[in-house]
Amino acid sequence: MELDVNLIDWSRAQFAMTAIYHWLFVPLTLGLSVIMAIMETVYYKTGNEFWKRTAKFWMKIFGINFAIGVATGIILEFEFGTNWSNYSWFVGDIFGAPLAIEGILAFFMEATFVAVMFFGWNKVGKKFHLASTWLTGIGAAISAWWILVANSWMQYPVGMEFNPETVRNEMTDFFAVAFSPVAVTKFFHAVISSWIVGSVFVIAVASWYLLRKGESHRKFALSSIKVAGTVGLAASLITLFTGDKSAYHVAQYQPMKLAAIEGLYEGGESVGLVGVGVLNPDKAWYDDGEEDFLFDFKIPYGLSLLATRDANGFVPGIKELIEGGYTLPDGGMALSAEEKMVRGRAAVEAMAGYREVSRALKTADADSSDTAALETRLQEYDTILDNNMPYFGYGYIDDPKELLPNVPLNFYAFRIMVVLGSYFILFFIVLVFLAFKDRYRQKWLQWVAVISLPLAYFCSQAGWIVAEAGRQPWAIQDLMPVNVAVSNLSASSVQVTFFLFLALFTILLIAEIGIMVKAIRKGPELEQNK
Amino acid sequence: MEGLVGRIWRFYADGFRNMTWGRQLWLVILIKLFIMFAILKVFFFPDFLRGKTDDEKSDFVSAELVKRVPSENQ
């Protein structure tokens, strides 16, 4: 059955747009929660009212972002049920359980501790209030954990068994799902890189105060920059480490994503990492005779080191991943795409056969000789399915070219993320040094700090584009491509909801920016204002 | 126990009553949640498999999974 390509594209566009808008709110919540908690800790330790006022100002900004962003992620869950119903059913409880835990935890932890944080000044003890502020941040991070567990399972499906009777994947090992190496790394990478966004936000706003309000806000601005800069610098360095770990996991579990990120049409040993490069727009496939790049500068051995932890390690390119025949790290021989497609079709046919025989068995006379034959056939289908299930999704691939994600999108998004991530390390080093030395007076640098705010969001979004666009064509790596995951709706109805969401989220974003700008213009409650 | 519940109730009630800038935010939250749950979810995002039993859902998805194999592969 041929699905309307428009339906798949619009469904993906709708999901991407919702996720991108949602991710405008989340990193600031995660980042600010740490910064304001540190500020309140300083107040708790020193008793200095200045730090209480400083923490309260950033809590107000946190509150605006939290209130407007809260529940925007639920729309993604609506979309799973409506637009991705095959996927939703197929993933079973593996996806539902983490999301349910997230929903319950988020509601109880955040509803309780956010309320104490905002309403509890002068009503609860200082220690209890401080604990609530920290628990607000910890609650947000734990919520993120479960969402990222669900997402990681889509990248690296583990801890489950496919049940052909129900056509669902059933969780067999909760800990394998909740603590898969991909989930753990993704959690630290996504959450700690969000601290960078929060830190840049605080520094940008504080720098704006220095530019616009001058000396009256200097103490507040510099103190905020010292805290945010320190958090940001630590977060940047940790993100460098988690990013490296993340790339290593991509190499192990999603080698085609890595090949797309690097524009690596042909692999080999001792492969360099493209530091800077311009892809050849005419290059479409590995054997089309076109040059891979118009221009590129490679860091020698970089990619081999990143992907295999060995400077001379073998990294498969698109050619090897399609043609197979190279030795895998476990010593086995890599299958070609065609071989995987054959095994995928065998798995799908076995699932259909299993269900047919299972139905026949339910109506067969228990004592008849047919029953024994049916049971044997059922067992055969089960064995075929077990042997070929890792390639189930390849049964839906019509042409090996479908297995290649969008190379330019992944290549450039990855470089935007890495270049900006590196820039922020330098940014925080300079800002922290100048702030602690009380020498942050250069107006041009303060403007650079203000302008850096959108760059932090670009960096964060680029990371998600690599994670999600790099997984294509899969909704679940190797098990289900997006054209099977999608519900058979009319493309026009998906278009309508796309534009509805676009309007709703744009209004929310305008409301957020409007309320936030008003709060920032009003400024913190400084001693001289009282 | 009643004392504790009463104190929690008063804590929240006082908090909401004494809110200044937060009122505008609550309005945004309530309008947003109304649009999401009372309009979008009801009219635009019904569960695609709604009204089916689990067995019917398995049959439906299984049929979809078989149908979507590219024709030359079948």
Side-chain angles (χ1 to χ4, degrees), chain A residues 1-3 60 63-64 66-68 70-72 74-75 78-79 81-86 88-90 115-116 118-120 123-124 164-168 341 344-345 348-349 351-352 355 395-399 480-481 483-484 487-489 493 496-497 500-501 504 508 511-512 515 518-519 522, chain B residues 4 6-74:
Chain A
M1 181 183 73
E2 292 292 322
L3 273 185
K60 185 174 174 176
I64 294 167
F66 183 83
I68 297 181
V70 75
T72 48
I74 287 175
I75 291 181
F78 293 175
E79 290 171 12
T82 304
N83 300 71
W84 304 96
S85 58
N86 291 340
S88 294
W89 183 257
F90 187 77
V116 174
F118 284 112
F119 300 158
K123 288 187 179 171
V124 299
E165 201 73 61
T166 57
V167 198
R168 306 194 90 176
M341 286 158 65
R345 288 198 292 278
V348 178
E349 282 164 15
M351 177 202 69
R355 289 180 57 78
Y396 301 100
I397 303 297
D398 198 16
D399 179 342
M480 182 175 259
N483 60 355
V484 177
S487 306
N488 196 0
L489 300 161
S493 75
V496 169
T497 48
L500 260 176
F501 281 165
L504 175 68
L508 279 179
E512 155 133 13
I515 298 171
K518 204 170 138 187
K522 195 177 170 209
Chain B
L4 180 68
R7 274 164 57 198
I8 292 172
W9 172 259
R10 275 197 300 282
F11 176 82
Y12 277 88
D14 287 349
F16 283 116
R17 202 176 301 122
N18 296 326
M19 256 187 327
T20 49
W21 57 272
R23 286 177 202 277
Q24 199 178 0
L25 288 178
W26 272 103
L27 193 65
V28 172
I29 292 172
L30 292 175
I31 292 171
K32 180 179 73 177
L33 291 178
F34 176 78
I35 293 171
M36 279 169 56
F37 287 98
I39 300 175
L40 291 177
K41 177 66 184 159
V42 174
F43 297 105
F44 295 97
F45 285 91
D47 192 336
F48 193 78
L49 301 175
R50 187 175 51 177
K52 292 183 169 68
T53 64
D54 277 0
D55 281 345
E56 287 167 343
K57 286 177 184 174
S58 301
D59 289 342
F60 179 84
V61 174
S62 163
E64 286 284 307
L65 294 188
V66 173
K67 271 195 292 188
R68 298 210 186 172
V69 174
S71 50
E72 53 268 47
N73 288 348
Q74 281 183 320

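Just so it is clear: chains get the letters A, B, ... in the order the sequence lines come, proteins before strands, and each one is counted from 1. Computed over heavy atoms, backbone and side chain alike; hydrogens, waters and symmetry mates excluded.
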Counting neighbours of NZ on A:Lys518 that are heavy atoms of other residues, nucleotides or ligands and sit closer than 6.0 Å, is the number greater than 12? no
Report which part of B:Lys32 has an atom under 4.5 Å of a heavy atom belonging to chain A: side chain, backbone, both, or neither. side chain
For A:Phe501, which atoms come within 4.5 Å of any heavy atom of chain B: side chain, backbone, both, or neither? side chain
In this structure, CD1 of A:Ile74 is separated from CG of B:Leu33 (nearest 0.5 Å) by 7.5 Å
Answer yes or no: is there a donor N or O on one side and an acceptor on the other, between the side chain of B:Arg68 and the main chain of A:Tyr396, under 3.5 Å? no
How close do B:Pro70 and A:Gly395 get, counting heavy atoms only, and between which atoms? CD-O, 3.6 Å
Quick check: closest heavy atoms across A:Val116 and B:Phe11, and the distance to 0.1 Å? CA-CZ, 3.7 Å
Of all heavy-atom pairs between A:Val167 and B:Leu65, which one has the smallest distance, and what is that distance? CG1-CD1, 3.6 Å
Tell me, please, which residues at least two apart from B:Tyr12 pass side-chain contact (heavy atoms from CB on, under 4.5 Å). A:Ala115, A:Phe119, B:Ile8, B:Phe16
Can you tell which part of A:Glu79 gets under 4.5 Å to a heavy atom of chain B, answering side chain, backbone, both or neither? both
Per-residue tally against chain B (heavy atom, under 4.5 Å) across A:Ile64, A:Leu500, A:Thr82, A:Leu489 peaks at A:Thr82
Report which part of A:Lys60 has an atom under 4.5 Å of a heavy atom belonging to chain B: side chain, backbone, both, or neither. both
Which pair of non-hydrogen atoms, one from B:Ser58 and one from A:Glu165, has the smallest distance, and what is that distance? CB-O, 4.1 Å
Please classify the contact of A:Ile515 with chain B as side chain, backbone, both or neither, using a heavy-atom distance under 4.5 Å. side chain
